[in-house]
Colleague: 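Attaching a single structure in structure tokens format; questions to follow.
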Amino acid sequence: MEIKLYNTLTRKKQILKTVKKSHVSIYSCGPTVYWYQHIGNLRSYIFSDVLKRILLFNSYNVRHVINITDVGHLTSDADTGEDKMEKAASKEGKTAKQIADYYFSVFKNDLEKLNIIMPDVWPKASEHIEEQIGLINELESKGYTYKTEDGIYFDTSKFKNYGKLARLNIKGLQAGKRVSFGDKKSKTDFALWKFSNPVGVRKQEWDSPWGIGFPGWHIECSAMSMKYLGDRFDIHTGGEDHISVHHTNEIAQSECATGKPFVNYWMHGAFLTFKGEKISKSKGGLYTLSELENLGFSALDYRYFCLTTSYRKQLDFSIEKLKSARNAYERLKNICQSLEDDGNENKKYIEDFQKAINDDLNTVKALQLLWNLLRDKKAKGKIETIRKMDEVFALNLLIKEHIKIPKEVQSLIEKREQARKNKDFKLSDELRNKINSLGYSVSDTSEGPIVKKS
Ligand code: AMP
Ligand code: ZN
């Protein structure tokens, strides 16, 4: 069955045609590991996981790379500002490697909880300096670079297709020439290599043909993706914020170095927003997965929440919305687990399901089909069909979580239910605190309280 994917490059849904028959290569821009990833970042990786699971469902062999950015990502996209890793290392009094290792391990843990399949390769930028220097050398020998006071820059005027992904209006951008952009010839030019200034202060710096320094953020992804997936590969993913700068620059570097088209399908996940705006420190909403867990949600409650909206639409987050998603998800799981297994699959539902997911990852429709199946009194083969669908949803729909609740906690829960019935909320809160202090959390749903280990 054909698979259609929305390609940012063409602004169209296109039928997937892979470079190598039956194989798909995917590169997902990974995290900059200077801090915890927030649930917005995690939405991006749930999106690429659903994509990957759909390709596996369609019997493709998938090779997936997620990089780790542990150097070179500056606080501003204009090649100015501090290196995020250096800043965090100084603030926490640690080495850059200690910082990277810690936040990388937290990130991996989050992915595991979210049932995200690990990539085949996790390349780190700091371990691929040679490849990045090689690529800059290639660009230099072909005349695409120039040197300034602070580094080696890519000359975007030399690449006639510059900005095609984002449909940038280059003339319009250049009109702002009075705005200072340092020694750069053009506003869109970007750093390939930055010089350490002065040498010996940064925690991470390397020698290069141009002087001691560190790579630019964009060159990392070009070098690592081409190393592990080849000069031309199938799908590149990332958040929608990467379209106009990061991915635009990756295309420029890679296509100028190889003289070939770089990636066939560019796919972008829309943002998780908070009160209608991009989540940010000032607006709030920057929860981590552990913070949601402390509030009594599971990682899969959040995964379910993400599946209820198309990856291409912005999704507005609130605790209230997550609560309703959790209720629906708990109900779904309860129904799935109460069914009798007759050992068959329901071919019709599976076919409709595959049609939905193959239409640009339509998880909204796919979930509707699952609910229809559950409500369909005549349908046979429910359990096996759910099992099949869950290969893509990855919501553990048929996995019973056995948690042993100690008698003491059980009796507190019963007392609390009684207090709630009597509308004695003071007592009910006190009992909740007692339950929490014993390491359990309780959340109230229309089906009654749900108890989890916290
Ligand atoms: P970073 O660690 O900043 O490089 O971001 C990691 C990934 O998360 C990138 O693919 C970003 O595009 C993505 N991202 C950042 N903020 C959000 C958000 N609010 N919603 C969805 N994705 C995001
Ligand atoms: Zn990237």
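The structure presented is a predicted model; accordingly, all values stated were derived computationally and were not measured. Just follow the structure's listing: the first ligand is 1, and inside any ligand the first atom is 1. For this chain, numbers begin at 1 and follow the sequence in order.
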Colleague: Return the number of protein N, O or S atoms with a distance to the Zn ion (ligand 2) smaller than 2.8 Å.
Modeller: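 Atoms of protein N, O or S type lying less than 2.8 Å from the Zn ion (ligand 2) total 3.
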Colleague: Regarding ligand 1, does G40 bring an N or O atom to under 3.5 Å of one of the ligand's N or O atoms?
Modeller: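 Min N/O separation from ligand 1 is below 3.5 Å for G40.
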Colleague: Test your reading of the structure: does G238 have an N or O sitting under 3.5 Å from an N or O of ligand 1?
Modeller: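 For ligand 1, there is no N or O atom that lies under 3.5 Å from one belonging to G238.
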Colleague: Does any N or O of ligand 1 fall below 3.5 Å from an N or O anywhere on D241, backbone included?
Modeller: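 It does: an N or O of D241 is found under 3.5 Å from an N or O of ligand 1.
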Colleague: List ligand 1 atoms under 4.0 Å from S44, heavy atoms only on the residue side.
Modeller: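 Selected atoms, number and element: 8 (O), 10 (O), 13 (C), 22 (N).
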Colleague: Atom NZ of residue position K365 - does it have more than 12 heavy atoms of other residues, nucleotides or ligands inside 6.0 Å?
Modeller: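 Open.
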Colleague: Is it the case that ligand 1 has an N or O less than 3.5 angstrom from some N or O of P31?
Modeller: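 Min N/O separation from ligand 1 is not below 3.5 Å for P31.
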Colleague: Select one of side chain, backbone, both or neither to describe which atoms of Y45 lie under 4.0 Å from any atom of ligand 1, heavy atoms only.
Modeller: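 Under 4.0 Å from ligand 1, Y45 contributes side-chain atoms alone.
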Colleague: Between N41 and ligand 1, does any nitrogen or oxygen pair lie at a separation below 3.5 Å?
Modeller: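 Checking ligand 1 against N41, an N or O pair does fall under 3.5 Å apart.
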Colleague: Which of the numbered atoms in ligand 1 are under 4.0 angstrom from any heavy atom belonging to G30?
Modeller: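 Result: 4 (O).
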Colleague: Taking heavy atoms and a distance under 4.0 Å, where does T32 meet ligand 1: side chain, backbone, both or neither?
Modeller: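 Under 4.0 Å from ligand 1, T32 contributes backbone and side-chain atoms.
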Colleague: Can any side-chain N or O of S28 pair as donor or acceptor with the backbone N or O of G30 at less than 3.5 Å?
Modeller: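 Side chain of S28 to backbone of G30: no pair is present.
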